[in-house]
Amino acid sequence: MQKALADSVVVLDFETTGLSPQYGDRAIEIGAVWLEEGRIVERFQKLMNPGFRISRFIEGYTGITNEMLSGQPRCEEVMAEFSEFIDGRNIVAHNASFDKRFLDSELKRVNRAYKGDCCCSLLVSRRVFQNSPNHKLQTLLSHAGVPKTGDFHRALADAEMTAYLWLSMIERIRRQYRISEVSFDQMSELSKIDKLYTHRYLTSLADTSEI
DNA sequence: TGCCAGGCCCTCTTTAGGGCCTT
């Protein structure tokens with residue numbers, strides 16, 4: 001069976017009413033880009049109505065207003081559609097545990113579940129960009145020399161910029177360690193290993209590479 | 001209206017605590 005390559009994934013981002021679906025927070029926007037061999041081949045972006053008014057803090061933070069959400073489809077309708085978009089694909093998100101919680105919570109409401117694998121670009125960045133001042137998306141883009149392509153804190157723009165950050169990390173690993181292809185599983189493993197062993201791990205991949 | 005969480009990571013650690021990151 002052919003291994004899944006790290007540059008063929010769906011990168012997603014949620015804007016939400018707060019931090020915790022456990023306490024009733026809901027998604028208000030989803031943005032995602034489908035990467036295929038390192039190129040964006042499809043985009044998904046939808047605002048969605050959570051069924052209650054969002055706070056002024058979230059309006060200010062995201063730029064998404066209650067007015068913008070009125071008349072938008074309900075979360076259930078959007079998530080059913082998005083479920084088809086990610087079916088059969090691995091996903092990447094910045095601080096993926098956050099987005100995965102909302103993904104699982106919203107899909108559960110439409111009696112669906114995501115069964116693929118999920119990798120966190122934040123955790124990988126802590127290995128690859130150890131000298132970055134911090135590992136916020138905005139800082140990492142600047143640190144990696146990745147151009148800003150949209151407004152931060154909007155789902156599609158954040159997903160797209162996370163995708164370019166993700167690709168830059170793959171490319172950095174490939175060049176620095178002379179690895180011909182980086183698999184999704186290797187990036188997942190990298191995100192989990194101890195930071196101190198990053199160099200050793202990547203070197204071991206280069207040793208077994210089929211260049 | 002304001003509040004809420006959770007997983008990872010580091011260190012003055014592991015019988016713990018606090019910072020980071022996401023909205």
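Lettering follows sequence order; numbering is per chain, from 1. What you see below is based on every heavy atom in this structure, not just the backbone, and it leaves out hydrogens, waters and symmetry mates.
Summarising the geometry, the separation between CZ on R53(A) and P on dT1(B) is reported as 8 Å, rounded to the nearest angstrom. Protein atom CD1 of I58(A) is 14 Å distant from nucleotide atom P of dT1(B), rounded to whole Å. Atom CG in L12(A) sits about 12 Å away from atom C1' in dT22(B), given to the nearest Å. When the P atom of dT13(B) is taken as reference, atom CG of D194(A) falls 16 Å away, rounded to whole Å. Residue E59(A) contributes atom CD, which lies 15 Å from atom C1' of dG2(B) at whole-angstrom precision. Remark: C1' of dT11(B) and NZ of K195(A) are 12 Å apart, rounded to the nearest angstrom. Atoms CG (L137(A)) and P (dC21(B)) sit 11 Å apart, rounded to a whole Å. The nearest whole Å value for the distance from the CG atom in L141(A) to the P atom in dC21(B) is 13 Å.
Comparing F57(A) and D25(A) along DNA chain B, the residue whose closest nucleotide (by nearest heavy atom) sits nearer the 5' end is D25(A). Place T62(A) and R127(A) on DNA chain B by their nearest nucleotides, and R127(A) ends up nearer the 5' end.
Taking atom C1' in both dG7(B) and dT23(B), one finds a spacing of 16 Å when rounded to whole Å. Annotation: dT14(B) and dC9(B) have their C1' atoms spaced 14 Å apart (nearest Å). Only the P atoms considered, dC8(B) is 22 Å distant from dC12(B), to the nearest whole Å. Nucleotides dG19(B) and dC4(B) have their P atoms positioned 15 Å apart, rounded to a whole Å.
Between H153(A) and dT23(B) there is a side-chain polar atom (N or O) within less than 4.0 angstrom of OP1 or OP2. Put simply, Q22(A) has no side-chain N or O that comes within less than 4.0 Å of OP1 or OP2 on dC4(B). Using a 4.0 Å cut-off, some side-chain N or O of H135(A) falls inside it from OP1 or OP2 of dC21(B). An OP1 or OP2 oxygen of dT22(B) is reached within less than 4.0 angstrom by no side-chain nitrogen or oxygen of K136(A).
Distance CG/L103(A) to NZ/K108(A): 13.5 Å, rounded to 0.5 Å. For the atom pair CZ of F82(A) and CZ of R112(A), the computed distance is 12.5 Å after rounding to the nearest 0.5 Å.
Heavy-atom distances under 4.0 Å link DNA chain B to N95(A), F98(A), R101(A) of residues 95-115 of chain A, given in residue order.
Relative to the ring axis of F44(A), K46(A) places its NZ or CZ within 45° and under 6.0 Å from the centre.
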